[in-house]
Amino acid sequence: MADSVPGGHVMLAKNSDRPVSDTQPLRFQPRRTAQAGATLRLAHVGIDDVEESYAHLGGSPYWCWGHEEGLNEWGVAIGNEAMFTRDWAATVSAVTGGAARDGGILGMELVRLGLERGRTAREALDVICSLVQRYGQWGSGVVGQPPETGGYDNSFLIADAQEAWVLETSGHRWAAKQVTTGTYAISNQPTIRTEWDRASGDLVEHAVDSGWWESAPGRPFDFARAYVDPGTPLQLSHIRLQRSRQLLGEAVEAGGVGVSEAQRVLRDHYEDTFLGGPYFNAALPDFLSLCMHSHPSDFTWGNTAGSAVFVLPKSGEGLPHLWWTPLTPCTGVYLPVFVDAGRVPEIFSAAGTAGVRECPPEHAPVDTYDEGSYWWRFRHLLDVVKGGEQAWTFNENQPIVRRAFDTLERQWAAELPQVEKDALALRGRGEHSAMADLLADYTESCAQRALEVLDRLVAQLSG
């Protein structure tokens with residue numbers, strides 16, 4: 001929250017962990033309109049559309065209508081995490097046994113719907129909660145896998161310049177907690193325990209009726225304990241959750257969580273701990289780290305496919321924007337992107353050979369390298385840095401990449417206040433088109449510089 005951030009801004013940061021070839025472009029979605037009573041067709045279900053949907057930026061798997069993370073024109077930022085609950089496990093068991101299951105909404109679709117329909121964090125929260133209650137969650141989030149193996153329930157971080165919310169869901173039910181001070185972290189497990197600010201009406205009753213919770217006088221209901229799936233090992237999430245809490249706490253004690261501190265959290269591989277980082281190297285992980293890398297044995301979820309730090313200043317104190325990089329942030333470079341620009345560089349929005357499409361992931365073709373995709377250019381860099389599946393050269397090459405890209409990030413961080421000041425001056429004079437051009441051109445120049453350095457690094461490390 002603002003009291004933890006130098007300058008008093010609310011920030012939200014997220015890594016999006018996806019399968020290794022799940023290209024994740026960053027796209028700008030303009031406002032769209034629909035006729036009253038129209039149906040919006042999602043991957044597995046049709047829902048009522050709304051007459052006007054808000055413009056936003058979103059990082060999305062190439063096959064998905066929804067987003068892993070995004071920022072809308074009102075300065076609302078949302079990110080989601082997979083969560084494995086008793087409701088999900090029970091539904092999978094029933095479907096595996098032959099039961100029919102109506103379609104539901106994917107967590108990534110809920111992120112986009114919250115961005116399209118919420119002018120504030122609280123409005124976006126209301127949107128997502130009402131859709132969860134009505135339609136539930138069902139469907140695959142992984143290319144080539146059915147819902148039974150590629151699906152999950154979801155948790156969300158939702159923030160604007162005034163407030164932030166943690167929302168954790170299980171099937172048709174949910175609990176929400178407002179974050180009013182300090183920092184908060186989530187991972188792939190529920191974090192809301194005995195205290196929340198809002199919840200679905202039958203949250204406790206459903207757990208008791210299902211045999212997941214035994215009521216007793218004086219015993220407070222524990223949402224996480226009642227709803228977490230005991231069949232999903234928490235080693236998948238707990239160490240990362242605790243590590244992010246530790247790093248955020250240390251940053252607060254050292255003066256606050258600024259953009260660079262948030263980026264440090266997102267790049268973490270347990271450096272400077274008793275673990276000493278992964279035993280061989282971060283790109284051949286012994287366990288899951290915040291900056292995730294795939295392992296030849298497939299015990300990890302995949303790679304971090306995109307990473308963002310959202311900066312949400314109060315009105316007149318700056319412009320809502322995100323610092324974004326594709327792929328693993330330890331080999332990437334965060335550059336500033338503004339929703340007020342009304343567009344992003346074309347290369348940001350491109351996927352590989354499969355192209356950007358909207359379809360259930362079971363039917364999506366596997367994407368492969370294309371030079372016209374910013375995402376795939378950074379995926380190629382990661383492959384070069386690793387030097388093959390066993391990542392023989394990662395420890396030698398990754399510091400070279402970091403030195404080059406850290407220089408760019410420092411340069412852009414120094415330039416950004418003046419860019420924002422000039423843009424706000426244009427907006428104050430009513431020159432909105434000129435403001436958008438200024439912001440779009442600045443991001444374009446950063447992207448071109450990033451690619452120049454990337455190409456130089458690829459040539460240097462491939463030699």
Side-chain angles (χ1 to χ4, degrees), residues 1 4-5 9-18 22 24-27 56-61 64 66-72 75-83 106-112 114-115 118 121 124-125 128 141 152 154-160 164-169 179 183-189 191 236-237 240-241 243-245 247-248 251 257-268 288-293 301-312 320-330 332-337 339 348 375 378:
M1 290 300 294
S4 301
V5 179
H9 297 161
V10 174
M11 287 201 321
L12 185 154
K14 171 180 162 58
N15 278 349
S16 170
D17 301 327
R18 301 294 306 168
D22 216 28
Q24 191 169 126
L26 182 70
R27 293 176 285 172
H56 62 279
L57 295 164
S60 316
C64 190
H67 306 315
E68 279 274 310
E69 55 202 8
L71 173 68
N72 76 10
V76 177
I78 309 177
N80 79 311
E81 294 283 337
M83 198 165 73
L106 300 178
M108 292 177 285
E109 293 170 337
L110 290 166
V111 170
R112 178 165 175 175
L115 293 169
L125 173 73
I128 295 174
Y152 41 83
N154 291 267
S155 60
F156 304 86
L157 289 174
I158 308 168
D160 62 22
W165 288 85
V166 178
L167 170 63
E168 298 180 343
T169 69
V179 183
T183 63
Y184 201 101
I186 64 173
S187 186
N188 302 114
Q189 66 182 66
T191 62
L236 296 171
S237 57
R240 295 204 297 168
L241 176 62
R243 178 60 168 164
S244 58
R245 288 171 171 171
L247 291 171
L248 290 170
V257 186
V259 170
S260 62
E261 288 78 16
Q263 293 168 349
R264 162 68 183 90
V265 175
L266 297 174
R267 286 181 168 130
D268 186 66
L288 305 187
S289 54
L290 298 182
C291 179
M292 184 180 288
H293 295 259
W301 176 237
N303 288 326
T304 297
S307 182
V309 178
F310 298 88
V311 182
L312 310 174
H321 61 278
L322 63 152
W323 289 87
W324 172 75
T325 182
L327 267 297
T328 48
C330 72
V333 57
Y334 290 96
L335 50 72
V337 188
V339 67
F348 286 8
W375 191 94
F378 276 85

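Inter-residue side-chain proximity for Asn15 and Arg240 is flagged as unmet; no heavy-atom pair is nearer than 4.5 Å. Side-chain contact check for Leu26 versus Val337: some heavy-atom pair is nearer than 4.5 Å. Between Phe348 and Leu335 the shortest side-chain heavy-atom distance falls below 4.5 Å. Taking 4.5 Å as the limit, some side-chain heavy atom of Thr191 sits within range of a side-chain heavy atom of Tyr184.
A donor-acceptor pair is defined here as one N or O able to donate and one able to accept, closer than 3.5 Å; such a pair exists between the side chain of Arg267 and the backbone of Pro329. With hydrogens and angles ignored, the 3.5 Å screen pairs a side-chain donor or acceptor of Asn72 with a backbone N or O of Leu115. For the pair Ser187 (side chain) and Gln189 (backbone), a donor-acceptor distance under 3.5 Å is absent. A donor-acceptor contact shorter than 3.5 Å links the side chain of Thr325 to the backbone of Val333. In this structure, the side chain of Ser60 engages the main chain of Gly66 through a donor-acceptor pair within 3.5 Å.
Closest heavy-atom contact between Tyr334 and Ala308: CE2-N, 4.2 Å. When all heavy atoms of Thr169 and Met83 are compared, the closest pair comes out as O-CE, 3.0 Å. Residues Pro61 and Gln24 come closest through the heavy atom pair N-CG, 4.0 Å. Minimum interatomic distance between Arg243 and Leu290 (heavy atoms only, all atoms of both residues): CG-CD1, 4.1 Å. Shown here for Pro320 and Leu312, the closest heavy-atom pair between the two residues is CB-CD2, 4.5 Å. Smallest separation of non-hydrogen atoms from Ile78 and Ala124: CD1-CB, 4.0 Å.
Interatomic distance, CZ of Arg27 versus NE2 of His67, reported as 6.5 Å (0.5 Å rounding). To the nearest 0.5 angstrom, Asn80 atom CG is 11.0 Å from Glu109 atom CD. For the atom pair Ser237 OG and Glu81 CD, the distance stands at 9.5 Å (nearest 0.5 Å). The CG atom of Asn188 sits 7.5 Å away from the CG atom of Asp17 when rounded to the nearest 0.5 Å.
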Worked verdict on Ile158 versus Ile128 for side chain to side chain contact (heavy atoms under 4.5 Å, CB included):
CA-CA 10 Å; Ile158 308 168; Ile128 295 174; 4.0 Å; yes
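Just one of Thr183, Leu266, Val265 meets the side chain to side chain contact (heavy atoms under 4.5 Å, CB included) condition when paired with Leu247; it is Val265.
Annotation: side-chain contact (heavy atoms from CB on, under 4.5 Å) contacts of Ala251 (sequence neighbours excluded): Val257, Glu261. Considering only residues two or more places apart in sequence or on other chains, Arg18 meets the salt bridge (Lys or Arg N to Asp or Glu O under 4.0 Å) condition with Asp22, Glu68. For Leu157, the side-chain contact (heavy atoms from CB on, under 4.5 Å) criterion is met by Leu12, Val166, Ile186, not counting sequence neighbours.
Between the side chains of Ser16 and Glu69, no donor-acceptor pair of N or O atoms lies under 3.5 Å.
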